[in-house]
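Atoms within a ligand are numbered from 1 in the order they appear, just like the ligands themselves. All values below were derived from every heavy atom in this structure, side-chain atoms included, with hydrogens, water molecules and symmetry-related copies excluded.
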Amino acid sequence: MSSAEPRGPVDSSRIPRYAGPATFARLPRLDEVGAADVAVVGVPFDSGVSYRPGARFGGNAIREASRLLRPYNPAQDASPFALAQVADAGDIAVNPFDIGEAVETIQGAADDLLGTGARLMTLGGDHTIALPLLRAVARRHGPVALLHFDAHLDTWDTYFGAAYTHGTPFRRAVEEGILDTSALSHVGTRGPLYGRQDLDDDERMGFGIVTSADVMRRGVDEVVQQLQERIGDRPLYVSVDIDVLDPAHAPGTGTPEAGGLTSRELLEILRGLAGCRLVSADVVEVAPAYDHAEITSVAASHTAYELTTIMSRQIAAAR
Ligand SMILES: N=C(N)NCCCC(=O)O
Ligand SMILES: [Zn+2]
Ligand SMILES: [Zn+2]
């Protein structure tokens with residue numbers, strides 16, 4: 001990005017926030033600013049799901065819900081869209097009938113955006129998309145630390161013989177050597193598994209687990225401290241499956257599990273990671289057809305806002 005002042009969101013005191021087509025946080029489109037420090041990109045793909053479909057509509061639902069975000073983030077004492085150029089890069093157009101081709105397309109498009117020097121704030125889409133995103137990020141940074149917020153492990157092997165699904169991205173990523181296996185964490189894990197073996201396999205891949213109950217018992221501050229120690233100064237990728245939240249906080253998702261985090265807990269844990277080297281992030285699995293009153297997409301928009309703020313602060317601090 002050049003040193004020109006970043007172009008921020010549309011001024012909602014002049015143009016009503018509900019007017020006009022939605023971009024994330026009413027930010028300019030990437031083609032309007034030419035280049036961005038943080039590119040918010042949608043991936044309308046949900047052909048990898050094992051239960052309810054509909055996350056292909058998640059990105060646009062998050063954009064709609066993000067109209068109410070304001071430019072100053074008091075929780076991080078920062079104006080993320082003034083510190084760096086954040087822009088909406090639109091959607092990656094992927095083949096809904098061919099998962100392999102979709103994975104290739106996502107990887108290529110992510111690679112192109114990262115090649116401009118931008119960090120990615122990706123709006124899913126189902127969790128399949130994390131694999132090609134991680135591949136692209138690892139091409140720039142080498143194997144990355146992964147902080148994975150999810151009710152599910154997503155380290156299963158195959159479904160119906162298929163290797164690329166929303167339940168398998170992180171096993172594939174470990175197999176491909178694109179993750180730093182000394183710094184892998186799941187947060188918010190809960191719910192029934194296929195067997196005890198799932199946990200053994202996951203541990204062998206290098207993952208540590210902070211369950212949803214751990215967050216409740218130990219509290220946010222202790223969890224944040226443990227995660228910070230594990231991540232250190234490694235390049236970090238954060239993947240947020242919105243089903244990490246309790247269905248009361250995120251009903252609009254494909255594989256809901258009872259007993260999840262509150263949106264307050266998730267946002268506070270993310271804010272606690274402000275010192276980490278966040279190279280890119282995603283928010284996935286928002287399926288608006290099961291949502292009510294935008295509960296889920298509002299939570300997802302705030303999640304993306306906190307992650308974007310962390311990236312913008314780091315970009316500004318590095319100048
Ligand atoms: N929501 C994600 N990413 N994965 C859920 C997989 C659950 C299953 O069908 O085994
Ligand atoms: Zn999940
Ligand atoms: Zn997931």
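- Of all atoms in ligand 1, numbered sequentially from 1 with element shown, those under 4.0 Å from a heavy atom of Asp243 are 1 (N).
- Nearest N/O/S atom of Asp243 relative to the Zn ion (ligand 2): this is OD2.
- When only non-hydrogen protein atoms are considered, atom 1 (N) of ligand 1 lies nearest to Thr255 OG1, 2.9 Å.
- Among the atoms of Asp154, none of the N, O or S atoms falls under 2.8 Å from the Zn ion (ligand 2).
- The side chain of His152, and not its backbone, has at least one atom closer than 4.0 Å to an atom of ligand 1 (non-hydrogen atoms only; side chain from C-beta on).
- Closest N/O/S atom of Asp241 to the Zn ion (ligand 3): OD2.
- Residue contact check: Tyr194 has heavy atoms under 4.0 Å from atoms 8 (C), 9 (O), 10 (O) of ligand 1.
- Expressed to the nearest 10°, the angle at the Zn ion (ligand 2) joining ND1 in His152 with OD1 in Asp150 is 100°.
- Only the side chain of Tyr159 comes within 4.0 Å of ligand 1, counting heavy atoms alone; its backbone N, CA, C and O stay farther away.
- Few gaps surround CD on Gln228; more than 12 heavy atoms of other groups in view lie less than 6.0 Å from it.
- Close contacts of ligand 1 with His127, meaning ligand atoms under 4.0 Å from a residue heavy atom, involve 3 (N).
- A donor-acceptor pair under 3.5 Å is formed between the side chain of Arg63 and the backbone N or O of Gly90.
- Below 3.5 Å of separation, one finds an N or O of Asp241 facing an N or O of ligand 1.
- The hydrophobic clustering, which links ILVMFWY residues whose side-chain heavy atoms are closer than 4.5 Å, places Val240 and Val41 apart.
- Considering just the N/O/S atoms of His127, the one nearest the Zn ion (ligand 3) carries the name ND1.
- A salt bridge does not link Arg277 with Asp233: none of the charged nitrogens is closer than 4.0 Å to a carboxylate oxygen.
- Using a 30° and 60° split on the angle between ring planes, Phe207 and His186 fall in the parallel class, below 30°.
- Atoms of ligand 1 lying under 4.0 Å from at least one heavy atom of Ser50, given by number and element, are 6 (C), 7 (C), 8 (C), 9 (O).
- With salt bridges taken as basic N to acidic carboxylate O contacts below 4.0 Å, none links Arg52 and Asp46.
- Ring geometry for Phe24 against Phe81 counts as perpendicular: the plane angle is over 60°, on a 0 to 90° scale with 30° as the lower cut.
- Residues Ser239 and His127 have side chains that bring a donor and an acceptor to within less than 3.5 angstrom of each other.
- Note on Asp111 versus Arg140: salt bridge recorded, some NZ/NE/NH1/NH2 to OD/OE distance being below 4.0 Å.
- Shortest contact from atom 4 (N) of ligand 1 to any protein heavy atom: Asp154 OD1, 3.0 Å.
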